[in-house]
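The analysis underlying the following values was restricted to heavy atoms, covering all of them including side chains, and did not include hydrogens, waters or symmetry mates. Within every chain, numbering begins at 1; the chains are lettered A, B, ... in the order of the sequence lines, protein sequences first and strands thereafter.
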2 protein chains.
Amino acid sequence: MANKPTLETVAKEAGVSIPTVSQVMRGTGRISEKTRKKVLQAAKKLHYVPDARAAAMRSGQSREIGFVINQFANPFNAEVVSGAVDLLEEEGYLVSILDTRDDAERQGRQLEAFIRNRRGGLLWVPALATSERTLDLLTAHAVPTVTFLRPASRELDHVGIRNAEATAIATGYLADLGHRHIAYLGGTDMTYVRQERITGYERTMQERGLGPVIVWPSADTKKAAREAISELLRAHPAITAVVCNGDMVALGACLGLAREGLRPGHDVSVVGFDDIEDAAVATPALTTMAVSPKKLGRVLARVLLQRIKDPSTPPTVSEISAELIVRDTAGPPVAERPGG
Amino acid sequence: MANKPTLETVAKEAGVSIPTVSQVMRGTGRISEKTRKKVLQAAKKLHYVPDARAAAMRSGQSREIGFVINQFANPFNAEVVSGAVDLLEEEGYLVSILDTRDDAERQGRQLEAFIRNRRGGLLWVPALATSERTLDLLTAHAVPTVTFLRPASRELDHVGIRNAEATAIATGYLADLGHRHIAYLGGTDMTYVRQERITGYERTMQERGLGPVIVWPSADTKKAAREAISELLRAHPAITAVVCNGDMVALGACLGLAREGLRPGHDVSVVGFDDIEDAAVATPALTTMAVSPKKLGRVLARVLLQRIKDPSTPPTVSEISAELIVRDTAGPPVAERPGG
DNA sequence: CAGCCTTGATATAACGTTTCATCGGAAAAT
DNA sequence: ATTTTCCGATGAAACGTTATATCAAGGCTG
């Protein structure tokens, strides 16, 4: 019991050769029912669990997949992971998650360790300041990789959200309600995602002849957004609606409005992005742009499986649409704001 | 470029033998500065990254650690993971996370895959209905394991929270404020953790001669707790304070109180557990029991490292105390509740 | 100068698999 | 009866490392 069981141990126990045991365990080759039984029984008796490292090394293919993500606690990310994991585990892969915390250096170390361990595939939200070196390493070692949310390279498969389309819908919805002064609130760095969202907002503002275009930065936390909305309204009193960079910002904005005695959806309209769990239970409930994270995860998994199966096809880009969830924080504008 | 670099490739490039390259890469053995330079240069030129699988197989020790957790999105868990990862990555380990979603069967599959891949260590929150078979597998393969939050076996190291002590403090605090009718709210299954917390609550109620002891179940979500608090107050109108199973329940309870026109901390006092990020920014801010998740993570890491270094010592149990964070949701009771 | 220690490098075997070619023998075909 | 075919099982090599033992060449000592 002290020494760990191997193919050799099992073979000896069952009175057959090593390759025979190997074949039985994997269900390959031609083997008589009699010896199959014998081997299986010996394996069970010894608590034998094959060593995947040795197998992967010899066969050249790993059934381990890494999910490298920029923020562990983000509930949206968590659901994406669930969606992908469901599908991949079904195919017999082991999916393990790494959290870069958007730290490029940490990400570099993690991905190098990832390569050292010769994982079979990678689902990846690239950190903000991803270095060229990290990208080189990945392509040099030909790791099947699918990026997600933020594209990192034209040479890698990518799955993303139609961000511009989504904010265009949100802005258009507010315009249809009658708003003319609409701002974009949230985010600080010009990340790829924020860039796209702002583009959709701006384009719609211009197409509809609304204005002016106002982009107001804020960290993506409730606390920061609560302050930011106040400053925004002080600087631009004409504003009657905001499109937010995310639900956390939108919820923070609602808190800020309430603190100033303004009612979200009545005095000032707010549209969020992501449809996180809190969006539905908040009071008032948040009008927001939703993309199904489960669906996103499934698409991710499928793209990766395809890439593993056929590494030679050119990289693909898949995009998922977001849809407007109408709740209570957006309504028609009122003529004058109390105290405005 | 097409074929991946190995020790052999690098050795040939540098004009030395394979063991020499191995020693240079690991910084072991005696090697002249001249050849060291030569080898390092060759390795860099070929983008060589060692194969950790082969190394682990030969040397018998893995530098990969798995963190198996019951709920991915839980912000408390996320911080524990951060704390542990910081320490372990410093020591050169790769930590990857698996999410069981409290599904014992999924956990079984994941841990079996974990064993197949011969990871070097395991940090583990056992799922609710963890099977005996899973436990056997782990001990049979002698995986260095530390359980966390929920103990699974006397034969494994464990790190936990002093749950009973914490709810005793919370209940005592409410009693000191003058409350006599205090209920315990939240949780549905009799998990180990909830059991302990209820014990601390009950013990304090008895010691102080308060009563009656009321444990009211609720799913650990805001939505469920919002409904549960209303039902609880309808069934037991005398209650003036609740100790909650977690911050999500506490926040939900506050929502429910507000909906009925009651002010948390004035009409009914609420104490949470965990001190999640939202606890501080909520209005009113939540009085809650805090345990530092970062600290918990660091303790976890240290215990595991110790276990890896010396597998023969008997299993240890470490416990972390929680402390009361006084904010706005708990105050002295009022004589009569409006509408009570 | 013989003997000894030190330094730097290497040859070889082993880790636990899978792959591939081979093999004995029984059944089928000539 | 001899050849061919097929089934079931096996031997040997290979995957990329590390551990252990060995080795050549100097530099010291006595």
Checking side chain to side chain contact (heavy atoms under 4.5 Å, CB included) between A:Q107 and each of A:V125, A:L128, A:N70, A:T100, which is the one that passes?
A:T100
If you count the non-hydrogen atoms of other residues, nucleotides and ligands that lie under 6.0 Å from NZ in B:K12, is the total more than 12?
no
Roughly how far, to the nearest 0.5 Å, is the [atom2] atom of [Y] from the [atom1] atom of [X]?
X	Y	atom1	atom2	result
B:I65	B:L94	CD1	CG	9.0 Å
A:D99	A:Q110	CG	CD	7.0 Å
A:F67	A:L304	CZ	CG	9.5 Å

What heavy-atom pair brings A:P5 and B:R118 nearest, and what distance separates the two atoms?
O-NH2, 4.5 Å
Nucleotide range of DNA chain C contacted by chain B, 5' to 3', under 4.0 Å to a heavy atom?
C:dG8 to C:dG16
Report which part of the nucleic acid B:T35 touches: base, sugar-phosphate, or nothing (heavy-atom distance under 4.0 Å, all strands).
sugar-phosphate
Please determine if A:R53 and A:D51 form a salt bridge, counting it only when a charged side-chain N lies under 4.0 Å from a carboxylate O.
yes
Taking only Lys NZ, Arg NE, NH1 and NH2, and the carboxylate oxygens of Asp or Glu, determine whether A:E33 and A:R36 approach each other closer than 4.0 Å.
yes
Within 45° of the six-membered ring axis of B:Y192 and under 6.0 Å from that ring's centre, is NZ or CZ of B:R150 located there?
no
So, applying side chain to side chain donor-acceptor pair (under 3.5 Å) with A:D157, which one of A:T147, A:T145, A:T316, A:T313 is it?
A:T316
To the nearest 10°, give me the bend of the helix from C:dC4-D:dG27 to C:dT30-D:dA1, comparing the axes of its five terminal pairs at either end.
60°
For nucleotides 16-21 of chain D, just jot down a letter per nucleotide in 5' to 3' order: B, S or -, based on protein non-hydrogen atoms under 4.0 Å.
BBBB--
